[in-house]
Amino acid sequence: MASYSQKTYAQRGKEHTHPLVKELFATMERKQSNLSLAADVSTKAELLALADTAGPYICVLKTHIDVVADFDADLVQQLQALAAKHDFLIFEDRKFADIGNTVKLQYGGGIYRIADWAHITNCHVIPGEGIIQGLAEVGMPKGRGLLLLAEMSSVGMLATSAYTDKNVEMAIANDFVIGFIGSRRFTEERDLITMTPGVGLHASGDALGQQYRTPTKIITENGSDIIIVGRGIYGPGKDAATEAQRYREAGWTAYLNRLGLK
Ligand code: 6AU
């Protein structure tokens, strides 16, 4: 059987059984985009402006909602309106890491009520499989999906070898898991997606351990599905609309090259 990374996003969407992943692949195909924007800005106005500017070029908006100083319920409503206007999904990069019972409370409640509006969220499996079960109890009935942090992009990260393999095992065994954060395709057992952060066309890293690889490396060579780009798009001196278009083009070209279509 051909690797999933040799199939088109459209084909994978058709064959997939998870409605959210079907929707994600269909969005990617419609917009010809495998770009997710990491919108790490600290005010409501900045986040909404960035989502509106980059919205036409992305398949997924990734948020860190707890860095927004003036967060309120209206921000969520406006983000949802932008998601509808520009046709993208929302991924709250919460990186849950506690026992099942606690993450249930954190995911469904509190100020942010993440499960009410984020199509996708992610977690570390350091506490064991209970974290997935706890999150699934809240997210499954709402049609949400979970990514496991099988690897990280930073210097000296500890998610390697046996730990990464455990992530893959747990992902295969749990229907609520739709894929991974990591640098490559991890399994052919079922069609689990990979979203990759630490992607840049020019910079090699930052002062705090972030490391950047190119879309070609990540998509064409490593078989990942979606590139996550933050400061490469909105960093100092950058025009977010121009950069979002550039990264969309780079990510899509890398995908076509992988399929041998370009
Ligand atoms: O492009 P950057 O470096 O400005 O932003 C990268 C984004 C940030 C990180 O919180 C996130 O990607 N990230 C993650 C995610 C997505 O879970 C994991 C990781 O290993 N490295 C990483 O940078 O919002």
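Read the numbers this way: they start at 1 and go in the same order the structure lists the ligands and their atoms.
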- Query: Between Ser183 and Glu151, do the side chains contain an N or O donor and an N or O acceptor separated by less than 3.5 Å?
  - Reply: yes

- Taking side chain as C-beta onward, heavy atoms only, is Leu259 less than 4.5 Å from Thr8? yes

- Measure the CD1-CZ distance between Ile65 and Phe71 for me, rounded to the nearest 0.5 Å. 5.5 Å

- Message: When you measure from the heavy atoms of Leu147 to every atom of ligand 1, does any distance fall below 4.0 Å?
- Response: no

- Task: Could you name each residue pair satisfying salt bridge (charged side-chain N to carboxylate O under 4.0 Å, His left out) that touches residues 129-139, not counting sequence neighbours?
- Result: Lys104-Glu137

- Message: Between Glu92 and Thr63, do the side chains contain a donor N or O and an acceptor N or O under 3.5 Å apart?
- Response: yes

- Message: Whether the Asp66 and Tyr112 side chains hold a donor-acceptor pair (N or O, under 3.5 Å, no angle test) is what I'd like checked.
- Response: no

- Message: For Phe91, state whether at least one heavy atom is located under 4.0 Å from any atom of ligand 1.
- Response: no

- What residue and atom, counting heavy atoms only, is the protein's closest point to atom 18 (C) of ligand 1, and at what distance? Pro197 CG, 3.5 Å

- Can a salt bridge be assigned to the pair Arg12 and Asp225 using a cut-off of 4.0 Å between side-chain N and carboxylate O? yes

- Message: Taking 4.0 angstrom as the limit and counting only heavy atoms of Asn122, give me the atoms of ligand 1 inside it, by number and element.
- Response: 17 (O)

- Task: Identify the protein heavy atom lying closest to atom 17 (O) of ligand 1, giving its residue, its atom name and the separation to 0.1 Å.
- Result: Lys95 NZ, 3.0 Å

- How close does the nearest protein non-hydrogen atom get to atom 23 (O) of ligand 1, and which residue and atom is it? Gln210 NE2, 2.8 Å

- ligand 1-proximal atoms of Met152, by part, heavy-atom distance under 4.0 Å: both

- Message: Under 4.0 Å between a side-chain nitrogen and a carboxylate oxygen: does that hold for Arg185 and Asp191?
- Response: yes

- Message: Could you tell me, atom by atom, which parts of ligand 1 come under 4.0 Å of a heavy atom of Asp40?
- Response: 8 (C), 24 (O)

- To which protein heavy atom is atom 1 (O) of ligand 1 closest, and what is the distance rounded to 0.1 Å? Gly230 N, 2.9 Å

- Can you list every pair that meets salt bridge (charged side-chain N to carboxylate O under 4.0 Å, His left out) and has a residue in residues 20-41, with sequence neighbours left out? Arg30-Asp87

- Logged contact type for Val199 with ligand 1, heavy-atom cut-off 4.0 Å, is neither

- Message: If the contact criterion is a heavy-atom separation under 4.0 Å, does Met195 count as touching ligand 1?
- Response: no

- Query: Is there a heavy atom of Met157 sitting under 4.0 angstrom from any atom of ligand 1?
  - Reply: no

- If we number the atoms of ligand 1 from 1 as shown, the ones under 4.0 Å from a heavy atom of Ala38 are 7 (C), 24 (O)

- Note on the structure: ligand 1 to Ile228, heavy atom cutoff 4.0 Å, flagged ligand atoms 16 (C)

- Query: Side-chain donor-acceptor pair under 3.5 Å between Asp52 and His86, yes or no?
  - Reply: yes

- Under 4.0 Å, heavy atoms only, figure out whether ligand 1 is touched by the backbone of Asp206, its side chain, both or neither. neither

- Query: Going by the order shown, which atoms of ligand 1 are within less than 4.0 Å of some heavy atom of Ser153?
  - Reply: 19 (C), 20 (O), 21 (N), 22 (C), 23 (O)

- Task: Decide whether an N or O pair under 3.5 Å exists between Lys62 and ligand 1.
- Result: yes

- Query: Where is the nearest protein heavy atom to atom 10 (O) of ligand 1: which residue, which atom, and how far?
  - Reply: His64 NE2, 2.9 Å

- Do me a favour and list the nearest non-hydrogen protein atom to atom 2 (P) of ligand 1 with residue, atom name and distance? Tyr212 OH, 3.5 Å

- Could you tell me the residue and atom name of the protein heavy atom closest to atom 11 (C) of ligand 1, and the distance to it rounded to 0.1 Å? Asp93 OD2, 3.7 Å

- Enumerate the atoms of ligand 1 whose separation from the nearest heavy atom of Arg231 is less than 4.0 angstrom. 1 (O), 2 (P), 3 (O), 4 (O)

- Query: If you measure from the Lys or Arg side-chain nitrogens to the Asp or Glu carboxylate oxygens, is any gap between Arg258 and Glu221 under 4.0 Å?
  - Reply: no

- Is Glu249 salt-bridged to Arg246, cutoff N-O under 4.0 Å? no

- Item | Side chains of Ser154 and Gln210, donor plus acceptor under 3.5 Å | no

